[in-house]
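Input: a single structure, listed below in structure tokens.
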Number of protein chains: 2
Amino acid sequence: MKHFGQYCGLARAMELVGERWAMLILRDLAVHPRRYSDLLTGLPGIPTNVLSTRLKELEQNGIVERQIAPAPQRGVVYAMTPAGHSLEPALLALGRWGATQLDDDPRDGEIVTPEAFTMTLRAVFNDDLAAGVDASWQLHSGDIEVYAVVTDGKLDAGVGPGPGDPDLVITFRPDNLPSFRALMQAARCGLVDLTGRRELLDTFIRLFEFRGASA
Amino acid sequence: MKHFGQYCGLARAMELVGERWAMLILRDLAVHPRRYSDLLTGLPGIPTNVLSTRLKELEQNGIVERQIAPAPQRGVVYAMTPAGHSLEPALLALGRWGATQLDDDPRDGEIVTPEAFTMTLRAVFNDDLAAGVDASWQLHSGDIEVYAVVTDGKLDAGVGPGPGDPDLVITFRPDNLPSFRALMQAARCGLVDLTGRRELLDTFIRLFEFRGASA
DNA sequence: CCGAATCCGCAGTGATACTG
DNA sequence: CAGTATCACTGCGGATTCGG
């Protein structure tokens, strides 16, 4: 990308990750390493040449790593480098701000991917309310399945079943909720199926209630 | 801008402020309202049509306001709306990350503007160390003049002379320090002229020492 | 099937000239 | 001062094709 000619952190950031689709690729990689075709299906609409160009640029800039996957899947896997992972606070801050600018419901054709959902969980997590909390949830909404594990007030969220048995499984009804906001509303109204320690639903709502774009 | 087709805060953020030059325009407006020509001179290299296009888009999206300036200067002034101001935490987070990716010294042709310098001050400010601090500084480096006022641990930083008399005036020598990093190094080594409460130099260094891209 | 490379039409950008 | 106008160029979107 062409340079902005300013010795400034923001300018450098935009030079490195400001091109079209780059941040969304990084959002997906921030959740877990992914193959080229995983990224393609998780970013409907991205041209294949743009994806491969971005991956090459991000790799060259030390933000993303190209790895040869080990035995079970064998193939190419893209993953964040430490420099890439250190970008996550900025991605979450941008995501929080963007969330305040979202319409109440998805526009025509707008989808929610498991990775977007996971990053939303991380973004809205109320760190300051979580001190001392230990609990784990598994969430089901449509065919999206994500987990959230809070250990000593620190969050680990990802796609799929969590690392251990969840304390509470929350299944949202109806199963095609359009947005995170609607989903939290359903939780508040009890429109959910619960399996496990049902009293942890309130804790979930408290910890993941979106409170605006504060720093 | 074309949409990404995802109902996701990050995607919406990039749709709204992800286009080329947009974040740098917002960085300047986050410091203070500016006229069209101020923005042009503060963003050397931006094409005039791109600036006017961005301003129109940002205005349409409710992030920037076009105001008719009052009596003294009379003319058009662009300013942040509340939605625009709420983007600042994200700009600072990106700037902090980008700062970790900067070379030690500016590349050929890279400049430092007063607005970039001000945003750097805001970005590196160590909030957690500032509890209870009340102090004000005025900084001179070359022809850049900025102020930093800490009131009860909260920072106000801007271009020009501060709102009141500064407790300490710091003038950096040599007067064309290439980077914020070099400037803090000069401060640590005593390569500065001080006027006022000299003991506040240590406080300044402590509060504005860059400690990496932590959230 | 995965992981791209290639080609084309078009929109966004950069540079400069010009105007109310 | 505050923008438009113009035009060459690059990058993106969309589709197809190709090699392992």
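Here is the naming used below: chain letters follow the sequence lines, and residue numbers restart at 1 for every chain. Since this is a predicted model, take the numbers as computed values, not measurements.
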* Would you please indicate yes or no on a ring centroid separation below 6.0 angstrom for Phe180(A) and Phe117(A)? => yes
* **Per Arg66(A) side chain, nearest of listed nucleotides dC12(D), dG3(C), dT13(C)** => dG3(C)
* Structure fact -> Between NZ of Lys56(A) and C1' of dA5(C) the distance, given in whole Å, is 8 Å
* Asked: Can you check whether Tyr36(B) has a side-chain N or O nearer than 4.0 Å to OP1 or OP2 of dT4(D)?
  -> no
* Asked: In whole Å, what is the span from the NE2 atom of His3(B) to the C1' atom of dG13(D)?
  -> 15 Å
* **Closest nucleotide among dT4(D), dG14(D), dA5(C) to the Ser52(B) side chain** => dT4(D)
* Base of dG3(D) paired with side chain of Asn49(B) (donor-acceptor, under 3.5 Å) -> no
* **Rounded interatomic separation in angstrom, taking CG from Leu43(B) and P from dA15(C)** => 14 Å
* Considering just the side-chain nitrogens and oxygens of Tyr78(A), establish if one lies under 4.0 Å of OP1 or OP2 belonging to dA4(C). => yes
* Structure fact -> Atom CD1 of Ile25(B) and atom P of dT13(C) are separated, to the nearest Å, by 11 Å
* Going through the distances and angles, do Gln185(B) and Leu191(B) end up as a side-chain contact (heavy atoms from CB on, under 4.5 Å)? -> CA-CA 9 Å; Gln185(B) 185 59 33; Leu191(B) 294 172; over 6 Å; no
* Would you mind telling me which residue lines up with the more 5' stretch of DNA chain C, Leu55(A) or Arg54(B), judged by nearest nucleotide? => Leu55(A)
* Val50(B) side-chain proximity, nearest of dT4(D), dT13(C), dG14(D) -> dT13(C)
* Asked: Please give, in whole Å, the distance from dG9(C) C1' to Lys2(B) NZ?
  -> 13 Å
* **Length of the CH2-P vector between Trp21(B) and dT13(C), whole Å** => 12 Å
* Using the side-chain contact (heavy atoms from CB on, under 4.5 Å) rule, take Val31(B) and Arg27(B) through it: C-alpha gap first, then chi angles, then the decisive distance, then the call. => CA-CA 7 Å; Val31(B) 174; Arg27(B) 179 201 63 186; 5.5 Å; no
* Does NZ or CZ of Arg20(A) come closer than 6.0 Å to the centre of the six-membered ring of Phe4(B), within 45° of the ring's axis? -> yes
* To do: Using a 4.0 Å heavy-atom cut-off across all strands, classify Thr48(B) as base, sugar-phosphate, or nothing.
  => base
* Looking at dG14(C), dT13(C), dG3(D), which one has an atom nearest to any side-chain atom of Pro47(B)? -> dG14(C)
* **Residue of the set Val192(B), Leu194(B), Asp193(B) for which side-chain contact (heavy atoms from CB on, under 4.5 Å) holds with Thr171(B)** => Asp193(B)
* May I have the distance from Arg34(A) (atom CZ) to dG3(C) (atom C1'), rounded to whole angstrom? => 15 Å
* **Length of the CG-P vector between Leu40(A) and dG14(D), whole Å** => 13 Å
* Among dC1(D), dA4(C), dG3(D), the one nearest Arg35(B) by side-chain distance -> dC1(D)
* Quick one: which of dA2(D), dC12(D), dT13(C) gets closest to the side chain of Arg20(A)? -> dC12(D)
